[in-house]
> 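Quick one: the structure is below, questions incoming.
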Number of protein chains: 2
Amino acid sequence: MSTSKIYLEIVKHLRVMISNNGLKPGDKIPSERDLSERLDVGRSSVREALRALELLGLIETKKGEGTFLRDFRGNQLVQILSTFILQDEKAKRDVFETKYIIEIDCLRLALKRIDRKNIVKLRNWITKIESFEDDEFFYQIILLADNHLFLRIWLILKDYYYSLVQTPPKYKREDYLFLLEALEEKNEELTVAAYWKLRNLSV
Amino acid sequence: MSTSKIYLEIVKHLRVMISNNGLKPGDKIPSERDLSERLDVGRSSVREALRALELLGLIETKKGEGTFLRDFRGNQLVQILSTFILQDEKAKRDVFETKYIIEIDCLRLALKRIDRKNIVKLRNWITKIESFEDDEFFYQIILLADNHLFLRIWLILKDYYYSLVQTPPKYKREDYLFLLEALEEKNEELTVAAYWKLRNLSV
DNA sequence: ATGAAATAGTGGTCAGACCACAATTTTTCT
DNA sequence: AGAAAAATTGTGGTCTGACCACTATTTCAT
């Protein structure tokens, strides 16, 4: 039944194991030899599964210590994928477009769910911190949007984006403040307009 | 220099090889034993690299035949990550929300790029075909939006959506026609409103 | 107690051996 | 000669056993 691809079966088993045992990022998973014995498969098959997950950034291996769950963000994965995928200009345009649109989507969501406390916190952060990064700002926004899928998609898009632009543009601090004001007023139209201004996009 | 992780070195080599030889999707890449010999590494290391690329959907292996490049434009990245992420119940709400929002995004994009010919074609299709499906309609819309990333993301969301709802709701045919009218007028506000009406969503 | 040395556990890699499968080539039969 | 059958070759899939390098733990001498 299992048919081909033992390593894919192992990936499945690992998922179940992680889920059942409630393993979290940073936790250690069983050793390769242990898994090999438990699942009754060769160690090489276990390694094929683990290397695949490692390339995805889902686990991290430390020689002499073991294998650990990662709080995965894009790592080398994106570099690899981007050189494979982002070849034509059309694909690049799609990355930019999609990133922008999803950022606006998350602004709309955040607008509904944000409260004054969040606004104040963000404002303080922007004004106080010497050099703050655009992606850090939108990371906070997307957390406020409270949609895990958008977060994951955005993290990937962000990495694609940075693999495409050599020098990320520097945006004006005041524009972030405009954006926050619009959010505070819960004015959707104004929020979108502020985003366009920030990004120097034409309507 | 090479430092650890032979399999990552092999991934790099493969990228260069593909690039230099101008390999395209469908083309065959050297056999595992061949690569092992050429790069002077063990076959198991080659396999670890290949399995990682396979899980990413970049290559395809056929027993008895060989390993081939895949059409990686439809990479499974999001899908793989999703299957790891979409485990809890909270994620369920996110699937619905994200699917709806992205459909609206694509309506907005389609609105800019659509022309009368497309409208007529869609209208004829809706009115003539006895039973047409909601996802078929939006598939057409998203094609018109002309954004490959959104298409990929939506296709995945659609599958998750249908795995979450037991009986897909049946929408009113007239509401699709309203939507098309709004698109034809290139009225964004009206289009979004028509979408809400179609989906029976409150504002 | 303290620090050094031995030990055990772990990932990293390789080599060799089968198996199952597909394509090709060779042989055999009509 | 032509077609069917059989052997051969090449490939991915898997397992086993063996080292190596590194880390953490334990043991032991001081």
Side-chain angles (χ1 to χ4, degrees), chain A residues 1-14 17-18 21 23-72 75-77 80, chain B residues 1-14 17-18 21 23-72 76 80:
Chain A
M1 60 159 74
S2 74
T3 86
S4 55
K5 310 293 179 180
I6 289 262
Y7 89 98
L8 286 178
E9 299 293 322
I10 297 173
V11 168
K12 283 187 196 170
H13 270 279
L14 284 172
M17 188 178 299
I18 289 166
N21 300 13
L23 296 184
K24 295 177 182 178
D27 288 349
K28 190 174 174 181
I29 67 177
S31 74
E32 297 177 353
R33 290 172 179 82
D34 189 349
L35 287 171
S36 165
E37 217 176 299
R38 277 203 233 180
L39 306 179
D40 195 32
V41 296
R43 189 180 157 216
S44 51
S45 293
V46 172
R47 280 187 62 81
E48 289 180 7
L50 291 180
R51 290 299 72 71
L53 294 180
E54 185 178 60
L55 194 69
L56 278 176
L58 297 174
I59 61 173
E60 184 179 14
T61 53
K62 299 178 183 175
K63 193 193 292 188
E65 295 184 63
T67 304
F68 305 84
L69 276 188
R70 256 189 86 161
D71 181 13
F72 52 98
N75 46 354
Q76 58 221 336
L77 168 61
I80 292 163
Chain B
M1 63 176 70
S2 72
T3 85
S4 54
K5 311 290 181 181
I6 289 263
Y7 89 98
L8 286 177
E9 298 295 321
I10 296 173
V11 169
K12 282 186 196 171
H13 270 279
L14 284 172
M17 188 180 300
I18 289 166
N21 299 15
L23 296 184
K24 294 177 183 179
D27 288 349
K28 190 175 174 181
I29 67 178
S31 75
E32 298 178 352
R33 291 172 179 81
D34 189 348
L35 287 171
S36 165
E37 216 177 300
R38 277 202 233 181
L39 306 178
D40 195 32
V41 296
R43 188 179 157 215
S44 51
S45 294
V46 172
R47 281 187 62 81
E48 289 179 7
L50 292 179
R51 290 299 73 70
L53 293 179
E54 183 178 59
L55 192 69
L56 287 178
L58 299 175
I59 61 174
E60 185 180 11
T61 53
K62 299 178 183 175
K63 193 195 292 188
E65 294 184 63
T67 304
F68 305 84
L69 276 187
R70 273 191 65 168
D71 183 4
F72 20 75
Q76 313 164 312
I80 293 161

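Throughout, protein chains are lettered first and strands after them, A, B, ... in sequence-line order, and every chain is numbered starting at 1.
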> Would you mind reading off the distance between A:Glu32 atom CD and C:dG9 atom C1', rounded to a whole angstrom?
12 Å

> When the distance from CG of B:Leu8 to C1' of C:dT13 is rounded to whole Å, what number comes out?
14 Å

> Evaluate the side-chain proximity of B:Leu50 to B:Thr61: yes if any heavy-atom separation is below 4.5 Å, no if none is.
no

> Nearest to the B:Ser45 side chain among D:dC15, C:dG12, C:dT13, which nucleotide is it?
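Minimum distance to the B:Ser45 side chain belongs to C:dT13.
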
> How long is the span from the CG atom in A:Leu69 to the CG atom in A:Leu14, to the nearest 0.5 Å?
9.0 Å

> When the distance from CD of A:Glu9 to P of D:dT14 is rounded to whole Å, what number comes out?
10 Å

> Send over the distance from A:Glu48 CD to D:dG13 C1', rounded to a whole Å.
8 Å

> Kindly say if B:Thr61 contacts the phosphate of D:dT11, meaning a side-chain N or O under 4.0 Å from OP1 or OP2.
no

> Looking at side-chain heavy atoms only, is the closest gap between B:Lys5 and B:Glu9 below 4.5 Å?
no

> How many angstroms lie between CG in A:Leu39 and CG in A:Asp34, if you round to the nearest 0.5 Å?
9.0 Å

> Rounded to whole angstroms, how far apart are CD on B:Glu60 and C1' on D:dG13?
16 Å

> Side chain of B:Ser31: nearest nucleotide among C:dG12, D:dG12, D:dG13?
D:dG12

> Need one value for B:Thr67: base, sugar-phosphate or nothing, where a base atom within 4.0 Å counts as base even if backbone is also close, heavy atoms only.
sugar-phosphate

> What's the CG-P distance between A:Leu35 and C:dG11, to the nearest Å?
8 Å

> Heavy atoms only: give me the nearest A:Pro30-A:Leu35 pair and the separation to one decimal.
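The answer is O-CD1, 3.8 Å.
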
> Tell me, please, which residues at least two apart from B:Arg51 pass side chain to side chain donor-acceptor pair (under 3.5 Å).
B:Glu54

> Are there any protein N/O atoms within less than 3.5 Å of an N/O atom in nucleotides 18-24 of chain D, and if so, which ones and at what distance?
| residue | atom | partner | partner atom | Å |
| --- | --- | --- | --- | --- |
| D:dA18 | N6 | A:Arg43 | NH1 | 3.4 |

> Just the rounded figure in Å: distance from C1' of D:dG10 to CD1 of B:Ile29.
15 Å

> Under 4.0 Å between any heavy atoms, over every strand shown, what does A:Ser44 touch: base, sugar-phosphate, or nothing? Just pick one.
base

> OP1, OP2 of C:dG11 versus side-chain N and O of A:Arg47: anything below 4.0 Å?
no

> To the nearest angstrom, how far is A:Lys62 atom NZ from C:dG12 atom P?
12 Å

> Quick check against the 3.5 Å criterion: does A:Lys62 have a side-chain atom that pairs as donor or acceptor with the backbone of A:Phe68?
no

